[in-house]
Amino acid sequence: MPDELIHILAKALADLVISIDLTDDEDVPPDVATRWFEDSAHTLGHLIESDRDRLTALWHDLADHEPSPARRQALRELPESFGLDDRD
């Protein structure tokens with residue numbers, strides 16, 4: 001897959017997850033958001049280690065360029081939230 005496509009998909013996923021995560025509980029109930037995130041984490045769990053590392057690096061790069069402190073912090077927490085730094 002071309003690098004530009006990977007970068008755009010990583011950003012799109014991050015934007016979606018962070019937008020849901022930073023939304024008021026009344027708008028998106030936490031139990032619903034948790035189910036969505038668990039499904040995504042399960043899917044991302046199938047990545048090989050080098051791809052996990054690559055996605056983590058992409059999210060950290062996005063964080064380095066994010067002006068919003070809340071979104072920047074959320075980007076830095078994404079790899080751990082999705083279990084990408086878990087090594088079996």
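Only a predicted model underlies this, so the values are computations on that prediction, with no experimental measurement involved.
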Atom pair [atom1] ([X]) and [atom2] ([Y]), whose distance is rounded to the nearest 0.5 Å:
{"X": "Ile8", "Y": "Asp15", "atom1": "CD1", "atom2": "CG", "answer": "11.5 Å"}
{"X": "Leu44", "Y": "Ser81", "atom1": "CG", "atom2": "OG", "answer": "11.5 Å"}
{"X": "Glu49", "Y": "Thr56", "atom1": "CD", "atom2": "OG1", "answer": "10.5 Å"}
{"X": "Asp27", "Y": "Ser19", "atom1": "CG", "atom2": "OG", "answer": "12.0 Å"}
{"X": "Glu38", "Y": "Thr43", "atom1": "CD", "atom2": "OG1", "answer": "12.0 Å"}
{"X": "Lys11", "Y": "Asp61", "atom1": "NZ", "atom2": "CG", "answer": "11.0 Å"}

Identify the heavy atoms of [X] and [Y] that sit nearest to each other, and give their distance.
{"X": "His60", "Y": "Pro79", "value": "NE2-CG, 3.9 Å"}
{"X": "Arg52", "Y": "Leu84", "value": "CD-O, 3.7 Å"}
{"X": "Pro67", "Y": "Arg72", "value": "O-NH1, 3.5 Å"}
{"X": "Arg76", "Y": "Ala63", "value": "CG-CB, 3.7 Å"}

Going by heavy atoms in the side chains, are Leu13 and Leu78 under 4.5 Å from each other?
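No, every pair of side-chain atoms sits at 4.5 Å or beyond.
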Taking side chain as C-beta onward, heavy atoms only, is His65 less than 4.5 Å from Leu75?
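A side-chain contact under 4.5 Å is absent here.
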Tell me whether Arg71 is salt-bridged to Asp21, with the criterion being a basic N under 4.0 Å from an acidic carboxylate O.
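No, Arg71 and Asp21 are not salt-bridged.
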Does [X] belong to the same Ile/Leu/Val/Met/Phe/Trp/Tyr cluster as [Y], with side-chain heavy atoms less than 4.5 Å apart forming each link?
{"X": "Ile20", "Y": "Leu22", "answer": "yes"}
{"X": "Leu47", "Y": "Leu62", "answer": "yes"}
{"X": "Trp59", "Y": "Trp36", "answer": "yes"}

Asp39 vs Arg35, salt bridge (Lys or Arg N to Asp or Glu O under 4.0 Å): CA-CA, chis, key distance, verdict:
CA-CA 6 Å; Asp39 290 344; Arg35 278 196 314 270; over 6 Å; no
With under 30° as parallel and over 60° as perpendicular, where do the rings of Phe82 and Phe37 fit, or are they tilted in between?
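Rings of Phe82 and Phe37: perpendicular, as their planes differ by over 60°.
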